[in-house]
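Heads up, the thing below is written out as structure tokens.
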Amino acid sequence: MGAVNYLDTTFRCPLCGYDGEFEFELRAGLRNQLRFKPGAKYVWVPRKEPQNGGRPPNGTADLAAYDECGQCGRDFFVTVPVRGDVLGEPTYDATRAGYSTDGESEGDL
């Protein structure tokens, strides 16, 4: 498993409703196990193309991030907007399934 960065923030689990602290894994930019909060400036790999971790045009990207809920144990993805190199608030990405499956879908809740 490669290095990741983390977005530490409060979030509501979209699968069980738990409000708490989450540690979303970010796999973009300079992945050096750095920790960020929303509003922080993100770090890109110098002199690389965006697909290799370099800065995207205007420092703008929508990053996929991942975590597991500490309450229900289910995993999910969020999208983290980066605008002008600044991390925004994550939003649940219902289009991406988590890595683990427990037999339930969102419609079962």
Side-chain angles (χ1 to χ4, degrees):
M1 175 186 229
V4 299
N5 291 330
Y6 300 95
L7 177 67
D8 297 323
T9 189
T10 56
F11 194 76
R12 177 177 291 229
C13 175
L15 306 175
C16 75
Y18 167 73
D19 277 316
E21 294 296 317
F22 282 81
E23 179 184 81
F24 292 108
E25 293 181 0
L26 297 167
R27 297 177 183 272
L30 180 64
R31 296 182 300 176
N32 221 11
Q33 296 189 326
L34 304 172
R35 293 199 169 272
F36 299 92
K37 292 200 175 282
K41 186 173 181 178
Y42 201 61
V43 181
W44 308 104
V45 179
R47 297 175 299 282
K48 294 287 184 181
E49 294 295 318
Q51 66 270 20
N52 296 322
R55 185 176 188 261
N58 302 315
T60 296
D62 289 323
L63 306 181
Y66 168 87
D67 199 8
E68 295 175 5
C69 176
Q71 182 69 28
C72 70
R74 295 163 70 189
D75 62 336
F76 58 93
F77 283 89
V78 296
T79 298
V80 180
V82 183
R83 301 296 180 263
D85 301 313
V86 176
L87 290 162
E89 294 289 338
T91 56
Y92 175 55
D93 184 351
T95 67
R96 289 190 69 174
Y99 293 120
S100 63
T101 57
D102 61 4
E104 287 187 299
S105 70
E106 216 174 323
D108 296 328
L109 297 178

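Side-chain atoms are counted along with the backbone in the values below, which use heavy atoms only and exclude waters and symmetry mates. Here, residue 1 is the first one in the sequence, and each next residue gets the next number.
Side chains of Arg12 and Tyr18 form no contact here, defined as non-hydrogen atoms less than 4.5 Å apart. For the pair Asp93 and Phe76, the minimum side-chain heavy-atom distance is 4.5 Å or more. For the pair Thr10/Asp19, no side-chain contact is recorded, criterion being any heavy-atom separation below 4.5 Å from C-beta on. Here the side chains of Phe24 and Phe11 are in contact, with some heavy-atom distance below 4.5 Å. In this structure, Leu7 and Pro38 have side chains that are in contact, with non-hydrogen atoms separated by less than 4.5 Å. Side-chain contact between Trp44 and Asn52 is absent, with no heavy-atom pair separated by less than 4.5 Å. At a threshold of 4.5 Å between non-hydrogen side-chain atoms, the residues Val78 and Phe22 do not count as touching. By the 4.5 Å heavy-atom criterion applied to side chains, Pro90 and Thr79 are not counted as neighbours.
Between the CZ atom of Arg35 and the CG atom of Asp8 there is a distance of 4.5 Å, given to the nearest 0.5 Å. A distance of 11.0 Å separates CZ of Phe36 from NZ of Lys41, quoted to the nearest 0.5 Å. Annotation: the span from Leu30 atom CG to Asn5 atom CG amounts to 6.5 Å, rounded to 0.5 Å. Within the model, atoms CD of Glu68 and CG of Leu15 stand 11.5 Å from one another, a figure rounded to the nearest 0.5 Å.
Of the possible donor and acceptor atoms, one in the side chain of Arg83 sits under 3.5 Å from a partner among the backbone N and O of Ala61.
Residues Thr9 and Glu89 approach most closely at OG1-OE1, 3.9 Å, considering heavy atoms. Closest heavy-atom contact between Val4 and Glu25: CG2-CG, 4.3 Å. The two residues Tyr42 and Gly29 have their closest heavy-atom pair at CE2-CA, 4.0 Å. Nearest approach of Gly88 to Val80, heavy atoms of both residues: O-CG1, 3.7 Å. For the residue pair Cys13 and Cys72, the shortest heavy atom distance occurs at SG-SG, 4.0 Å.
Between Tyr99 and Phe77, the ring center distance clears the sub-6.0 Å criterion.
Under a 4.0 Å N-O distance rule, the pair Asp67/Arg74 does not qualify as a salt bridge.
If you chain together hydrophobic residues whose side chains sit under 4.5 Å apart, Val86 and Val82 never meet in one group.
There is no side-chain donor-acceptor pair under 3.5 Å between Asn58 and Thr60.
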For this session: Start with the C-alpha gap between Leu26 and Tyr66, add the side-chain angles, then the distance that decides, and say whether side-chain contact (heavy atoms from CB on, under 4.5 Å) holds.
Result: CA-CA 7 Å; Leu26 297 167; Tyr66 168 87; over 6 Å; no

